[in-house]
There are 2 protein chains.
Amino acid sequence: MISYNGKEYVCALDFGFNLIKGKWKVVILCHLGNGAKRFLELQRIIDGISQKVLNQQLRSLEADGLIEKVVYPEVPPRVEYYLSEKGKELYPALKMIESWTTKHYDLYCKDEE
Amino acid sequence: MISYNGKEYVCALDFGFNLIKGKWKVVILCHLGNGAKRFLELQRIIDGISQKVLNQQLRSLEADGLIEKVVYPEVPPRVEYYLSEKGKELYPALKMIESWTTKHYDLYCKDEE
DNA sequence: CAGCATCCCCCGGGATACTG
DNA sequence: CAGTATCCCGGGGGATGCTG
């Protein structure tokens, strides 16, 4: 049993998995995996996500150290998100799940860019 | 965009990840990964899960083909759950997430048996 | 362009009790 | 022992509108 920030986890996997359980988190991580992206760029790529929720997910991922951002002091503002070292190291696992899925469920994902 | 059972998914990863997003699913898969288990056994190992929810998670995993079960026609009933081929192939990815977690977050998981 | 503030809704999951 | 049947609750996330 693991306690962390008042929440309890059954084991390390449970804890780690919870870091990426958010509805859009893995998708975000996956997209950032092949290149830094701006806020609006992400919103456009990820069909159906609202600004508020995108923000939430990004903040959460940032707080957990999976992603980082650069804020360019410009007008209009420009912010770029990218995978941290930690995030990059998780990336292969996500790719494994992705290929596992395509292998067993025969779905097609239109990959952008 | 992928449609499946009336639900929409942004991409294959999104779809596949959703198969294991349930609160206890990865934990169950992980435990079944090192040996078949009976219902009560799982409930005892996974601290805090109720019968109803354990059942839900098992049914869902079964429906998605990640686990299978054998029902022994005995009294009292005996049911054993174990990873399907599909499930076994996903297992390494879960292990990767687990070791990624322990590497970066320094948590300890008391592994039973 | 990035990202708060509100309000609201849904359903996954908790607690408890009952059966073959 | 391995399930079902109810009732209930919380919070993650959707929709919309406003600001620096």
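For the pair A:Gly48 and A:Lys7, both in contact range of DNA chain D, the more 5′-proximal nearest nucleotide belongs to A:Lys7.
Picking from C:dA2, D:dG14, D:dG3 the nucleotide with the shortest atom distance to the side chain of B:Tyr81 gives D:dG3. Here the nucleotide nearest the side chain of B:Gln51, chosen from D:dG3, D:dG17, C:dG13, is D:dG3. Relative to the side chain of A:Pro77, the nucleotides C:dA5, D:dG12, D:dG20 differ in distance, and D:dG20 lies closest. Comparing atom distances between the B:Lys52 side chain and each of D:dG13, D:dC7, D:dA2 picks out D:dC7 as nearest.
For A:Phe39 and C:dA2, the CZ to C1' distance is 6 Å, given to the nearest whole Å. The nearest whole Å value for the distance from the CD1 atom in A:Ile46 to the P atom in D:dG13 is 13 Å. B:Lys21 places its NZ atom 12 Å from the P atom of C:dG12, with the value rounded to the nearest Å. Remark: C1' of D:dT4 and CD of B:Gln56 are 11 Å apart, rounded to the nearest angstrom. Following rounding to the nearest Å, A:Glu8 (CD) and C:dG14 (P) show an atom-to-atom distance of 13 Å. D:dT16 atom C1' lies 13 Å from atom CD of A:Gln43, rounded to whole Å. Atom CD1 of A:Ile45 is separated from atom C1' of C:dC1 by 16 Å (rounded to the nearest Å). Taking atom CD1 of B:Ile67 as the reference point, atom C1' of D:dA2 lies 14 Å away to the nearest angstrom.
One finds a side-chain N or O of B:Asn55 lying less than 4.0 angstrom from the OP1 or OP2 phosphate oxygen of D:dT4. For A:Arg38, a side-chain nitrogen or oxygen approaches OP1 or OP2 of C:dA2 to under 4.0 Å.
No side-chain N or O of B:Glu41 forms a donor-acceptor pair with one of B:His31 less than 3.5 Å apart. Side-chain polar atoms of A:Ser84 and A:Glu68 form no donor-acceptor pair below 3.5 angstrom.
Side chain of A:Trp100 to backbone of B:Ala93: no donor-acceptor contact under 3.5 angstrom is found.
Residues of residues 23-30 of chain A that place a heavy atom closer than 4.0 Å to DNA chain D, in numerical order, are A:Lys23, A:Trp24.
Within the nucleic acid shown, A:Gln57 comes within 4.0 Å of sugar-phosphate atoms alone, with no base atom in reach, counting heavy atoms only. Using a 4.0 Å heavy-atom distance criterion, A:Gly22 is classed as a sugar-phosphate-only contact.
To the nearest 0.5 Å, atoms CG (B:Leu66) and OH (B:Tyr81) are separated by 14.0 Å.
Ion pair B:Glu98/B:Lys95 flagged as a salt bridge, since at least one NZ, NE, NH1 or NH2 atom sits closer than 4.0 Å to an Asp/Glu carboxylate oxygen.
Contact record, A:Gln43 with A:Ser50: NE2-C, 4.1 Å, taken as the closest heavy-atom pair.
With ring centers used as reference points, B:Tyr105 lies under 6.0 Å from A:Phe15.
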